[in-house]
Participant: 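Input: one structure, supplied below.
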Amino acid sequence: DITAVVFPTRISNIGSYAFYNCVNLTEITIPETVTTIGSYAFAGSSIRTVSGGEGITTLGESCFSGASGLTEVTFLDQVNVIPDSAFRECSSLTEIVIPEGVATIEEHAFYGCDYLGSVTIHESVTEIGTNAFTNCGKLTAVEVPGTLKELDDDVFDADVTITYTATSSLKLLEVKQVTKNSVSLEWNEVEGADGYYLYRKQGSAGTYSLIKTVTGTTTSNYSLTSGI
């Protein structure tokens, strides 16, 4: 069985299933020339640490799925999408930082990471897929950015406390006027924005649902009427 790997210095792609179920492979150094890790490349392996990987831009689905010894993920800085089941059941992960640049966390990306107790999500993230963080038994609370287009009920387990944070360039909403049938909201314009998403808190659990998409680059106020 494979116990160690030395990559050629000019390699750019680690192919699908390349080290699938390599149970004796515990650590690996990825050259900065590598831009792609294929589907299931390290799935089911005994990888504990991954060094390097500064050039990685694309991850295949389930690339580290079932790598139960993996203790940290530090190679996401150039990645735009964390794909389906990428780190599913990586039960030794205790924290994960989703860095600036990641826009999408797909379904089941961190499903079943039993000891994942800390999740930090940058405001560049706009989509999180179904069950991305469910069955993470140690996760009790998480802050999600106000840039999310929507947040389905089954992204996190039902007992996880979810709070929204304002983006760095967007102040919290201010209520400017209230009538019997409407409420007017105001916020500062965000440079370069194509529109805005308005969320409503649902019950005491602290979950939020998208109630309105406001398009336009200069909108800084909006009136919600009854029935919305």
Side-chain angles (χ1 to χ4, degrees), residues 5 7 11-23 25-145 155-157 160:
V5 176
F7 289 107
I11 188 173
S12 62
N13 176 43
I14 298 175
S16 298
Y17 293 92
F19 302 98
Y20 178 76
N21 274 352
C22 288
V23 295
L25 184 62
T26 59
E27 59 184 69
I28 199 162
T29 299
I30 300 176
E32 62 181 15
T33 54
V34 171
T35 59
T36 301
I37 296 180
S39 299
Y40 295 90
F42 296 98
S45 71
S46 296
I47 288 285
R48 292 196 297 266
T49 59
V50 177
S51 303
E54 297 90 348
I56 295 172
T57 59
T58 304
L59 299 175
E61 65 177 46
S62 299
C63 52
F64 286 90
S65 179
S68 59
L70 188 65
T71 58
E72 61 179 354
V73 177
T74 60
F75 47 85
L76 299 176
D77 287 349
Q78 306 299 321
V79 172
N80 182 253
V81 176
I82 299 176
D84 185 353
S85 301
F87 301 98
R88 180 175 180 146
E89 296 176 351
C90 290
S91 54
S92 293
L93 283 178
T94 58
E95 64 177 322
I96 187 71
V97 176
I98 309 299
E100 181 178 4
V102 175
T104 302
I105 303 171
E106 291 189 345
E107 57 191 38
H108 300 101
F110 296 92
Y111 174 90
C113 293
D114 296 337
Y115 287 90
L116 185 61
S118 174
V119 174
T120 303
I121 303 174
H122 193 272
E123 63 184 44
S124 62
V125 174
T126 59
E127 297 182 56
I128 303 179
T130 302
N131 294 311
F133 294 95
T134 53
N135 278 10
C136 297
K138 296 292 185 180
L139 190 61
T140 59
V142 64
E143 291 187 357
V144 296
V155 169
F156 301 96
D157 288 328
V160 174

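Only this structure's heavy atoms are used, side chains among them; waters, hydrogens and symmetry mates stay out. Fair warning: this is a prediction, and the values are worked out from it, not measured in the lab.
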Participant: In chain order, what residues pass the side-chain hydrogen bond (donor to acceptor under 3.5 Å, both in side chains) check against Tyr20, with sequence neighbours excluded?
Facilitator: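 By the side-chain hydrogen bond (donor to acceptor under 3.5 Å, both in side chains) rule, Tyr20 matches no residue at all.
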Participant: Which donor-acceptor pairs under 3.5 Å do side chains of residues 30-56 form with protein atoms, sequence neighbours excluded?
Facilitator:
residue	atom	partner	partner atom	Å
Thr33	OG1	Thr9	O	3.0
Thr33	OG1	Ile11	O	2.7
Thr35	OG1	Ser12	O	3.3
Ser39	OG	Glu61	N	3.4
Ser45	OG	Phe42	O	2.8
Ser45	OG	Ile47	N	3.4
Ser46	OG	Val23	O	2.5

Participant: What pairs of donor and acceptor atoms, side-chain ones from residues 86-110 against any protein atom, are under 3.5 angstrom apart with sequence neighbours left out?
Facilitator:
residue	atom	partner	partner atom	Å
Ser92	OG	Ser68	O	2.6
Glu106	OE1	Asp84	N	3.0

Participant: Rounded to the nearest 0.5 Å, what separation is found between the CG atom of Leu70 and the OG atom of Ser65?
Facilitator: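 Here the rounded value is 11.5 Å.
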Participant: For Glu127, enumerate each residue passing the salt bridge (Lys or Arg N to Asp or Glu O under 4.0 Å) test, keeping only those at least two apart in sequence or located in another chain.
Facilitator: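 Partners of Glu127 by the salt bridge (Lys or Arg N to Asp or Glu O under 4.0 Å) criterion, ordered by chain and then number, come out as Lys149.
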Participant: How about Tyr111 and Asn131: does a side-chain donor come under 3.5 Å of a side-chain acceptor?
Facilitator: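 Looking only at side-chain atoms, Asn131 and Tyr111 do not form any donor-acceptor pair under 3.5 Å.
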Participant: I would like to know whether Thr29 and Phe7 meet side-chain contact (heavy atoms from CB on, under 4.5 Å); could you show each step before the answer?
Facilitator: CA-CA 8 Å; Thr29 299; Phe7 289 107; over 6 Å; no
Participant: Could you walk me through whether Thr134 and Phe156 pass the side-chain contact (heavy atoms from CB on, under 4.5 Å) test, one step at a time?
Facilitator: CA-CA 5 Å; Thr134 53; Phe156 301 96; 5.6 Å; no
Participant: For Leu76 and Leu59, run side-chain contact (heavy atoms from CB on, under 4.5 Å): C-alpha distance rounded to whole Å, both residues' side-chain angles, the deciding distance at 0.1 Å, then the answer.
Facilitator: CA-CA 9 Å; Leu76 299 176; Leu59 299 175; 3.8 Å; yes
Participant: Applying side-chain hydrogen bond (donor to acceptor under 3.5 Å, both in side chains), can you list everything that pairs with Asp77, at least two apart in sequence or on another chain?
Facilitator: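 If we apply the side-chain hydrogen bond (donor to acceptor under 3.5 Å, both in side chains) test to Asp77, skipping adjacent residues, there are no hits.
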Participant: Please output the side-chain donor-acceptor pairs of residues 113-122 that fall under 3.5 Å, not counting sequence neighbours, one pair per line with the distance.
Facilitator:
residue	atom	partner	partner atom	Å
His122	ND1	Ser124	N	3.0
His122	ND1	Ser124	OG	3.4

Participant: State, with a plain yes or no, whether a side-chain heavy atom of Asp157 is found less than 4.5 Å away from one of Phe133.
Facilitator: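 Contact flag for Asp157/Phe133 side chains = no.
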